[in-house]
Amino acid sequence: MAVRRILIAPHPLLKLKARPVERFDEELSRLLDDMLETMYRAPGIGLAAPQIGVSLRAVVVDLAKEGEPRAPLRIVNPEITWYSDELVTMEEGCLSLPEQFAEVTRPRAVRLRYRDERGGEHELEAEGLLARCLQHEVDHLDGILFVDRLSPLKRNIIMRKLAKARRARA
Ligand code: NI
């Protein structure tokens, strides 16, 4: 396993619609393992392949708390097949928007159909933090960042802060 570099917004690869995975092979397994390693190192609770520059529909998630055993989810070609009518507002962050957080409103619960790393089909229903995380990660596969779900004003404030942080590092 290897830790990969996480792309920071605004990066053109983060805006692309990712392609479906067609081959469930060793290479896909390695990609998902690298994504998990990268996410744990960051640390974060979710990571989508486009965030490491791979334009494929693959996501990893692990909501285990510190001190609990790891509980990685490897999610390939996800499709949200149902959204609850009820919406909730929660604070979100993103490894591609370091140190930026904002309240985002989304459906409270979703149903997700996806494949595992061997191509097996699964379906899960999620609410709370998992539903939130899955929607955020599936958005990444369509080139959507959480700031794209904010008002233009709030989005611009965050993007300006990111640009300022980048200049300070340079
Ligand atoms: Ni993200």
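In each ligand, atom 1 is the first atom listed, and ligand 1 is the first ligand listed. Not measured: the values here are computed from a predicted model.
Around the Ni ion (ligand 1), protein N, O or S atoms at a distance under 2.8 Å total 3; waters are neither shown nor counted.
Under 4.0 Å is where a charged nitrogen must lie from a carboxylate oxygen, and between R74 and D116 no such pair does.
Side-chain N/O atoms of S96 and Q51 include a donor and acceptor closer than 3.5 Å. In the model, D62 has a side-chain atom that pairs as donor or acceptor with a side-chain atom of Y40 under 3.5 Å.
Residues R132 and V104 meet the side-chain proximity criterion, which asks for heavy atoms closer than 4.5 Å.
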* To do: Report the C-alpha separation of D139 and R149 in whole Å, then their side-chain angles, then the decisive distance to 0.1 Å, and conclude whether the side chain to side chain contact (heavy atoms under 4.5 Å, CB included) test is met.
  => CA-CA 10 Å; D139 266 358; R149 300 209 175 271; 2.7 Å; yes

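By the salt bridge (charged side-chain N to carboxylate O under 4.0 Å, His left out) test, D142 is found to be paired with K17, R57, residues two or more places apart in sequence or in another chain being considered.
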